[in-house]
S.K.: 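What follows is a single structure, and I will ask about it in a moment.
Chain naming here is simple, since letters A, B, ... match the order of the sequence lines and numbering starts at 1 in each.
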Amino acid sequence: MAAAGAIWWYLADAPRHLNGPSGSTVVGLTLGSIAFGIMLFCAALSVKRKAPHWRVGRASTWLRGHIWLGLLTCVLVGLHAAFRLGGPAAILLWTLLGLVTISGLLGLLLQQFVPRLLLHSVPGETIAAQVNRRLSDLGALAEKIVIQYAGALDAAAPPWEGAAVAGGRPPAGGEPIRRFFLDHLRGYLAGAASPDLADPHRAENLFSALRTMTPPHAHAAIDELAGLYHLRRDLLRQRRLMRVLFLWLIIHVPLSWGLLILVIAHAVAALRFWT
Amino acid sequence: MARRMPTVRLTGASAVAMTAADLAHIDIFRDLDRKVIERFPGAVVRREFEAGEVICREGEGGTTAFYILEGSVQVFIARPCGSSAARPHGSWRAMIGRLLGQKSVSPPVHAHDDLIPIDANVDLTWGQPRAALGAGEVFGEMSCLNLAPRSATVVAESDCTMLEILRNVYEHLQKAPTFRERMDANYRARALQGHLRNVPVFRDLPDHVLKGLDERAQLLAVDAGSTIFSQGDEADGLYIIRLGQVRVSQAFAGGERTLAYLTRGDFFGETGLLRHTKRNATCRAVDHPIVEGGRRRRPGRVELVKILAEDFEPVMKEFPRIRGRLEAIVGARNRQASEARTSITVSAPSRRVEDLGLLQGQNLMLIDLERCTRCDQCVDACVSAHEDGISRLFRTGPRYDKYLVPSSCRMCLDPVCMIGCPVGSIRRSEDLSIIIEDWCVGCGICAKQCPYESIVMHELEEFGQEVSERLRRVAESGEVVAVTRRAAVCDQCESLPTGPACVYACPHDAAARVNAAEFLSAGGLFQTAAREGG
């Protein structure tokens, strides 16, 4: 409605000017000023985020205002400039406004889909700040499971040394688990390239093969290792998706501040040479 | 075959094991069967403490009671007013923050004589959180009998000689008439008046009336787990808790709901007397939650003071103006009960709902993971809304359908976190939120008790300093030191007009505080979970 009102005012005013509408007319200047005010409001969102509890309106209201008023700005700026590109400075402003708007819309779009993807494809999701730490812990956890079941990993030591089995005898199925860990899982959990485990189908086959090579009582340990494998996949997927989810901000925020600074410079220069 | 008894012994540099012959000279042991002492060698030891020496510290674990033979001790708890504040008070930033909605965690207003219950025959008050105990007095009964953490710090005021007693002997001692009489007399002399004054209806009574009540009051002991009275029983008296805890619950169609856990100095049973109606709640004696090494143990004891209806009625008639005060208390308790009643509306919840304890949540935090962009604004808001800079919300926890159930207080139907607080510093407010008072001694029992990890223990500013050294100075300087850590729980930002800061700060309307039963049944999510085989 605001956009329609602005367009109606612009069209009603346009015939009154011999050279056509421009930013220096009263209407153009007013619409430009309103657009500038909205830009300041949009920028204030990042200030509001620094103090989320401040009693200046719900964050969701602010965000809705940011989005809708931000879109309105494009219309107002277009009317202010009479849909002309203008000189190099104006072209730069147009470019920045376009990039800011597009990146904002991209962010809006990503925020509709990526949370759903995270919900459904990352059951083991954790707090974003803890992803790297949890990833780095997985290797040690797996090693503990293997040592507990199959004994020391050191080739020089008897393979079952340290294993939680009575009588000091080697646990049945311990060696295949140890081998699997050393040959495949340890490297994968440490972040090394592992073509076998990178492909989930091949990984599933490997775990199935391991189960067939070991007695049933070893399967609990294998299940735990498989759990850690899946957790790593989940955490890596979460990290990727989180990057995607926040990537647009890398463009949107600095360009928004850049745009605001240039708009201030544009306003100062325009007012200075107005007369 | 005779059952073997555990051979627990008290040891230590200054511990001198007492034999039956040694104890025979001490009057309180006069009635005690010699065989008890002989059966448990080392269960009673004599200890010497120099003036200024710390005997026990608040919040620490303890399993023994102390009987003072000679000398006197100072008993006190820290009063950490403002010590949890992470930001400077009075600075311009704090002022602007408060103007714009930052919540101050400065202590609530307490009356000078508000009672702080401790594990001794004296009670501390908010205005004077210290007291002295002398020869012939006991402290540490709750730790000894119920394994409660030490409720206060005790420092030798002068050179002291004490008997430190383990539970296996102390239980027998409690049954010995001389000891029982001595303890009851001490309680009547030192604490009962204070406890009676803590009951609002008795607060303004003239001393002679209160003394009359004091003399006629019955001192009772019940085993933990037993019912003191049931909903629907005739109201025959008002009870005050002398030792231990009591669970107050009400039965409704569809379930039973815990209204409160009461602790030393609290009272119950007043509604029936005031309104001349039957009991509207069931009260049970509660044991301390800690179990020795995971083994079952004998139930602890709860000691009560009973004011009989026939003693209560004349007081009400003689002083009609104080009836109004009691009416206010009854009204508040009834409001709490009716708040509770609204939440029991769900039939046949799925197993997953039960496993996650969702129906416990009367004000459950839920985050819609389809809307949440993981921006953590909710957590940031929680941190910045509290002046101590501690988050009461952690964006981690189980999922239910598309919702995350984060670690944050749910205001449970049965707030088991309230069981076992040695100083009664955790309570439920009228709007059912859980409040931790400033005299929390940091023992961590509530955090361990909470099944949903919603209570966090955090270090206070003083942590890391040499506490013992400062405690040594207490007896000389009269200084009151602060505890080193304390518990924090979501208070629903009750003082903020905007409601919980986490919900207010969510830019995507993904965070909500809901009554779990109403929300989940309205959304048909029980069925969803059932379909998923939850």
S.K.: Any Lys/Arg nitrogen of Arg134(A) or Asp137(A) sitting under 4.0 Å from an Asp/Glu carboxylate oxygen of the other?
M.R.: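 Salt bridge flag = no for Asp137(A) with Arg134(A).
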S.K.: Can you tell me which portion of Val503(B) sits under 4.5 Å from chain A's heavy atoms? Options are side chain, backbone, both or neither.
M.R.: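 Answer is both: backbone and side chain atoms of Val503(B) are under 4.5 Å from chain A.
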S.K.: Counting only non-hydrogen atoms closer than 4.5 Å, does Gln130(A) touch chain B with its backbone (N, CA, C, O), its side chain (CB onward), both, or neither?
M.R.: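 Contact with chain B: none, neither part.
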S.K.: If I measure from the heavy atoms of chain B, does Phe113(A) come under 4.5 Å with its side chain, its backbone, both, or neither?
M.R.: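 For Phe113(A), no heavy atom lies under 4.5 Å from chain B.
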S.K.: Between His508(B) and Asp368(B), is there a side-chain donor-acceptor contact under 3.5 Å, judged purely by atom types and distance?
M.R.: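 Absent: no donor and acceptor within the cut-off.
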S.K.: Flag the one option from Leu110(A), Ile127(A), Val114(A) with the top tally of heavy-atom pairs under 4.5 Å to chain B.
M.R.: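 Of Leu110(A), Ile127(A), Val114(A), Ile127(A) has the most heavy-atom pairs under 4.5 Å with chain B.
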S.K.: Is the ring pair Phe41(A)/Trp62(A) parallel, tilted or perpendicular, if the boundaries are 30 and 60 degrees?
M.R.: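 Answer is parallel, since the angle falls under 30°.
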S.K.: Determine the option with the most heavy-atom pairs under 4.5 angstrom with chain A, choosing from Ala501(B), Ala381(B), Ala510(B).
M.R.: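 Sorted descending by pairs with chain A, the first entry is Ala381(B).
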S.K.: Identify which part of Leu119(A) has an atom lying under 4.5 Å from any heavy atom of chain B, answering side chain, backbone, both or neither.
M.R.: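 Both parts, heavy atoms under 4.5 Å.
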S.K.: May I ask you to decide whether Asp223(A) forms a salt bridge with Arg211(A), counting only side-chain N to carboxylate O separations under 4.0 Å?
M.R.: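 Salt bridge flag = yes for Arg211(A) with Asp223(A).
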S.K.: Against chain B, work out which of Ala128(A), Ala129(A), Pro115(A) has the most heavy-atom pairs shorter than 4.5 Å and name it.
M.R.: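 Of the candidates given, the most pairs with chain B belong to Pro115(A).
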S.K.: Identify which part of Leu118(A) has an atom lying under 4.5 Å from any heavy atom of chain B, answering side chain, backbone, both or neither.
M.R.: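 Leu118(A) touches chain B through backbone and side-chain heavy atoms alike.
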S.K.: Is it the side chain or the backbone of Arg374(B) that comes within 4.5 Å of chain A heavy atoms, both, or neither?
M.R.: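 For Arg374(B), backbone and side chain are both near chain A.
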S.K.: So does Tyr403(B) get a backbone contact from the side chain of Asp401(B), meaning a donor-acceptor N/O pair under 3.5 Å?
M.R.: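 Side chain of Asp401(B) to backbone of Tyr403(B): no pair is present.
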S.K.: Looking just at side-chain N and O atoms, do Asp491(B) and Ser433(B) make a donor-acceptor pair shorter than 3.5 Å?
M.R.: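 No donor-acceptor contact under 3.5 Å links the two side chains.
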S.K.: Do Ser407(B) and Arg395(B) have side-chain N/O donor and acceptor atoms under 3.5 Å apart?
M.R.: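 No donor-acceptor contact under 3.5 Å links the two side chains.
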